[in-house]
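These numbers come from the heavy atoms of this one structure, side chains and all, not from hydrogens, waters or symmetry mates. For ligands, and for the atoms within them, numbers begin at 1 and follow the listed sequence.
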Amino acid sequence: MAYVISICNQKGGVGKTTTCLNLGAYLAILGRRVLIIDFDSQANATVGLGLDYQKINKNVYHLILNLADFREVIYRARIFSLDLIPSSPDLIGAQVELNNLPMKETILFQKVNQIRNHYHYILIDLPPSLGLLTINGLVASDKVIIPIQAEFFALEGLKQLITTINLIKRNLGKNIEILGALLTLYDKRNRLNRLVLKNIRRSFPGYVFETVIPKNIDLAESPSFGKTILEYSPSSKGAKAYLNLAKEVINLLEKNISSNNLNNLAKN
Ligand SMILES: Nc1ncnc2c1ncn2[C@@H]1O[C@H](COP(=O)(O)OP(=O)(O)OP(=O)(O)O)[C@@H](O)[C@H]1O
Ligand SMILES: [Mg+2]
């Protein structure tokens, strides 16, 4: 059964998609079967894996509205054992259409449940808002990773998101755990960045990843080539950071599983 992890922050441009793609790539290279669900109408994760959403017939929009089944929407990435369910601007309309459906918050949860035994990890890339798509993504998830840019208002945003997650837990009875906040776009020469990192570690002890993602030009360039950092620049600082993140996630989630079981998991 896959761990379902959403990558979430209502703030835009904090590195959600970059994290989803590159964490996914390294989990796959470390032997895990990984599915990325692009659940943002901007389709950045889709483009970042080299797919042209205009040439794709059916995507996550069709899946959640029962207009397509999984076989029609799962695409193989170039990296072995990494799959993607693409998005497109079609998804803008879904927000309105979902509103008319019963159980509108749990549509993605129901879909994900149908395939979670095919993967070790399902990563959901969420849009920069707290609307119905994000709520669907959170409800479908067991865990949340919150990428944070080390700036002055970061803590406020983090508190808002934690409140939203607690509301969902209370109102929908779904257990969602924050796996960790991930500092992204980090520049260690910047005093404010260092200060924010210190504050976040102090305010949320045990909930901040050891791994910090540096600001790195290769990470910024790679999506324009439709490549993950693993394919574009595997020896860059950004690549090393995402490899470390993947190892940290594996340690956090799989440490209760004996290495024997893990090997079996990887073989299946
Ligand atoms: N560590 C990094 N170093 C340099 N550039 C980065 C890094 N992480 C992300 N970027 C760049 O910053 C921009 C925003 O990143 P990304 O798209 O991952 O954020 P996002 O949170 O998914 O944005 P949105 O909220 O719009 O979905 C992109 O141009 C991306 O290439
Ligand atoms: Mg994004």
Side-chain angles (χ1 to χ4, degrees), residues 5-26 36-51 53 59-60 84-89 91-92 94-95 123-138 141 144-151 153-154 157-158 160-161 164 180-190 192-194 196-197 200 208-246 248:
I5 308 175
S6 53
I7 318 294
C8 184
N9 189 336
Q10 72 274 25
K11 203 165 168 1
V14 295
K16 292 182 288 295
T17 303
T18 305
T19 297
C20 196
L21 291 176
N22 295 307
L23 172 61
Y26 279 102
I36 291 176
I37 301 179
D38 188 348
F39 212 47
D40 181 0
S41 60
Q42 297 180 97
N44 293 155
T46 303
V47 175
L49 282 178
L51 270 88
Y53 60 75
N59 54 54
V60 72
L84 169 77
I85 299 183
S87 173
S88 90
L91 201 57
I92 298 169
Q95 186 108 345
L123 305 179
I124 308 175
D125 187 29
L126 290 178
S129 81
L130 287 176
L132 193 50
L133 291 179
T134 293
I135 291 174
N136 261 273
L138 290 172
S141 305
V144 187
I145 292 177
I146 308 173
I148 291 183
Q149 203 175 339
E151 56 178 35
F153 289 118
L158 184 55
Q160 267 178 32
L161 183 52
T164 304
L182 174 71
L183 264 288
T184 57
L185 288 147
Y186 187 75
D187 177 1
K188 65 180 177 204
R189 288 163 307 182
N190 180 315
L192 181 62
N193 275 204
R194 293 199 307 269
V196 172
L197 176 58
I200 288 183
V208 184
F209 284 101
E210 283 298 317
T211 307
V212 169
I213 309 295
K215 195 175 258 183
N216 175 244
I217 185 73
D218 300 71
L219 281 173
E221 285 171 357
S222 56
S224 61
F225 295 91
K227 289 180 173 173
T228 64
I229 196 69
L230 170 70
E231 302 154 284
Y232 181 68
S233 184
S235 56
S236 64
K237 278 189 179 158
K240 285 176 187 148
Y242 277 110
L243 171 61
N244 285 339
L245 178 67
E248 202 178 338

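Residue N9 is tested with V14, V144, T19 for a side-chain contact (heavy atoms from CB on, under 4.5 Å); the sole match is V14. D38 pairs with exactly one of I124, T46, V47 by the side-chain contact (heavy atoms from CB on, under 4.5 Å) rule, that one being T46.
Checking atom 3 (N) of ligand 1 against the protein gives a heavy-atom contact under 4.0 Å.
Remark: the Y242 side chain and the T211 side chain contain no N/O donor-acceptor pair separated by less than 3.5 Å. For the residue pair T228 and E231, a side-chain donor N or O sits within less than 3.5 Å of a side-chain acceptor on the partner. In this structure, a donor-acceptor pair under 3.5 Å is present between the side chains of D125 and T17.
Counting heavy atoms closer than 4.0 Å to ligand 1, residue I213 contributes side-chain atoms (C-beta onward) but none from N, CA, C or O. Contact annotation for D40 and ligand 1: only side-chain heavy atoms (C-beta onward) come within less than 4.0 Å of the ligand. Under 4.0 Å from ligand 1, the heavy atoms of P214 that appear belong solely to its backbone.
For atom 25 (O) of ligand 1, the closest non-hydrogen atom on the protein side is K16 NZ, 2.8 Å. Of the protein's non-hydrogen atoms, the one nearest atom 31 (O) of ligand 1 is A220 CA, 3.4 Å. Among all protein heavy atoms, the one lying closest to atom 19 (O) of ligand 1 is G15 N, 3.0 Å. When only non-hydrogen protein atoms are considered, atom 23 (O) of ligand 1 lies nearest to G13 N, 3.0 Å. Counting protein heavy atoms only, atom 7 (C) of ligand 1 is closest to L185 CD2, 3.4 Å.
In terms of modelled atom types and a separation under 3.5 Å, the side chain of Q10 and the main chain of G157 share a donor-acceptor contact. Between the side chain of E248 and the main chain of E210, a donor-acceptor pair closer than 3.5 Å is present. Between the side chain of S6 and the backbone N or O of C8 there is no donor-acceptor pair closer than 3.5 Å. Panel note: side chain K237, backbone N216; no donor-acceptor pair is recorded below 3.5 Å.
Considering N216, I217, N9, T18 only, the shortest heavy-atom separation from atom 30 (C) of ligand 1 involves T18.
Within ligand 1, the atoms closer than 4.0 Å to a non-hydrogen atom of Q42 are 24 (P), 26 (O), 27 (O), numbered from 1 in the order shown. Taking every heavy atom of G12 and a limit of under 4.0 angstrom, the matching atoms of ligand 1 come to 25 (O). Shown in contact with V14 at under 4.0 Å from a heavy atom are these atoms of ligand 1, numbered in order with element: 19 (O), 20 (P), 21 (O).
Nearest heavy atom pair, residue S233 against residue S236, reads O-OG, 2.7 Å.
Of the N or O atoms in T17, one or more lie within a sub-3.5 Å distance of an N or O in ligand 1.
Distances from the Mg ion (ligand 2) show that T17 has an N/O/S atom below 2.8 Å.
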